[in-house]
Chemist: 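Just passing along the structure, written as structure tokens.
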Amino acid sequence: MTEHASTTVRERNSDTAASLSLDRQVFGENPLEVRESGHYAQEYVGGLVDKWDELIDWDRRADGEGRFFVDQLKARGVRSVLDAATGTGFHSVRLLSEGFDTVSADGSPQMLAKAFRNGMRHGGHVLRVVNADWRRLGHDVPGRYDAVVCLGNSFTHLFSEHDRRKALAEFYAMLNPDGVLIIDQRNYDAVLDGEAGANRTYYYCGDQVSAEPDHVDEGLARYKYTFPDSSEYYLNMYPLRKDYLRGLLRDVGFQRIDTYGDFERTTAETTPDYFIHIAEKRYRDEEELARLDADAR
Ligand code: SAM
């Protein structure tokens, strides 16, 4: 073996080891080429997982979103919830403390381990965690739920339409007949069209933590997260346009889809940072849907 070849093998081995030990992010030689749905597992690794709560700041985030999700769920009579993108457990803990029967799923075991510890710390909740990728959710998560929530701009990690459709179909299948999916996303329309602000009121609320776009094109939004100790992490995400996601939700069978901006009804004049889609499974005939859409305008 030549020296170059052995170095390459050593580097590849050490990259593999890093992704297996999950302690540092691995983006390879050209990070802008990393556009894969499964890559999140190598992005939510030790360092970033440990820092995630610093990034989102639970107290300020709770103030920012208020009772929005809890009220939307209670208004629809929801009792059981699958938190499909648990992360470090912010929404699972909130839902449990509001009395929802909650199961907490995520594709990252490290995130789930942190969520479990957070559950104990914040109110002594024993989270029921399940390590599951959305594209195979039905294989790994038992039961049916009144609601599935996929929050914190998580769905953006899927890079192909094939995977997005499959994940939404899995969410749909996990729901009881009158169930509801709540899924949110960054306002990528504004990012792509150069209109985005840098509001830190709702999601990334941490003090002295910055979340800035490092590279944006129609197929990639790469964000850089900088912390007070000067450590830097990156996430590669797909910049979903709002109407595109609404269309996919409609295609997989959701009937009524209400979209809010920063927890308020949207108007043509506002440019929210985040959109929240509330997608209902219950069948409605076309006339009723048209009437509801007209009322919402
Ligand atoms: N919901 C949490 C919050 O708001 O703080 C976490 C949000 S974090 C941006 C995205 C989460 O989605 C990560 O925990 C990641 O592991 C998870 N995730 C990304 N792609 C996934 C997939 N295909 N299947 C399951 N989980 C996935």
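We count ligands from 1, going down the list as the structure has it; atoms in each ligand are counted the same way. Computed from a prediction, not measured in an experiment: that's the story for all the values here.
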Chemist: With a 4.0 Å heavy-atom cut-off (strictly under), which part of Asp133 contacts ligand 1: side chain, backbone, both or neither?
Modeler: both
Chemist: Heavy atoms only, cut-off 4.0 Å: how does Ala132 contact ligand 1, side chain, backbone, both, or neither?
Modeler: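 The answer is the backbone of Ala132.
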Chemist: Would you mind running through ligand 1 and noting each atom that sits below 4.0 Å from a heavy atom of His157?
Modeler: 19 (C), 20 (N)
Chemist: Please list every donor-acceptor pair under 3.5 Å in which a side-chain atom of residues 118-127 meets a protein atom from a residue at least two apart or in another chain.
Modeler:
from	atom 1	to	atom 2	distance (Å)
Asn118	ND2	Asp53	OD2	3.0
Asn118	ND2	Thr88	O	2.9

Chemist: Is any N or O atom of Trp52, backbone or side chain, closer than 3.5 Å to an N or O atom of ligand 1?
Modeler: yes
Chemist: I'd like the name of whichever of Ala85, Ala105, Ser108, Ala84 reaches closest to atom 1 (N) of ligand 1 through any heavy atom.
Modeler: Ala85
Chemist: Only heavy atoms count here, so choose which of Leu112, Asp106, Asp53 is nearest to atom 17 (C) of ligand 1.
Modeler: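 The option holding the nearest heavy atom is Asp106.
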Chemist: On a heavy-atom basis, I'd like to know which of Tyr44, Tyr223, Trp58 is closest to atom 8 (S) of ligand 1.
Modeler: Tyr44
Chemist: For the residue pair Thr259 / Arg246, report whether a side-chain donor-acceptor contact shorter than 3.5 Å exists.
Modeler: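 Yes, because at least one side-chain N or O of Arg246 sits under 3.5 Å from a partner of the opposite role on Thr259.
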Chemist: Using a 4.0 Å cut-off to any heavy atom of Gly107, which atoms of ligand 1 qualify?
Modeler: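 Atoms satisfying the 4.0 Å criterion: 25 (C), 26 (N).
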Chemist: Taking all heavy atoms of Leu249 and all of Ala279, pick out the closest pair and write down the distance.
Modeler: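 Leu249 and Ala279 have their closest heavy atoms at CD2-CB, 4.3 Å.
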Chemist: Counting each atom of ligand 1 from 1 as listed, which ones have a heavy atom of Gly152 under 4.0 Å away?
Modeler: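 Contacts of ligand 1 toward Gly152, numbered from 1: 4 (O), 7 (C), 9 (C).
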Chemist: Side chains of Asp106 and Ser108: any donor to acceptor distance under 3.5 Å?
Modeler: no
Chemist: Should the ring pair Tyr172 and Phe254 be called parallel, tilted or perpendicular, given that the plane angle runs from 0 to 90° and is split at 30 and 60?
Modeler: perpendicular
Chemist: Of the backbone atoms (N, CA, C, O) and the side-chain heavy atoms from C-beta on, which set of Arg61 has a member under 4.0 Å from an atom of ligand 1: side chain, backbone, both, or neither?
Modeler: side chain
Chemist: What residues form a ring pair (Phe, Tyr, Trp, His ring centres under 6.0 Å) with Phe159, not counting sequence neighbours?
Modeler: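 Ring pair (Phe, Tyr, Trp, His ring centres under 6.0 Å) list for Phe159, sorted by chain: empty.
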Chemist: Between His157 and Tyr40, what is the ring plane arrangement, given parallel below 30°, perpendicular above 60°, and tilted in between?
Modeler: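 If you compare the ring of His157 with that of Tyr40, the planes turn out tilted.
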Chemist: Heavy atoms only, cut-off 4.0 Å: how does Phe90 contact ligand 1, side chain, backbone, both, or neither?
Modeler: neither
Chemist: Grab the two heavy atoms, one from Leu158 and one from Tyr238, that are nearest each other, plus how far apart they are.
Modeler: O-CB, 3.4 Å
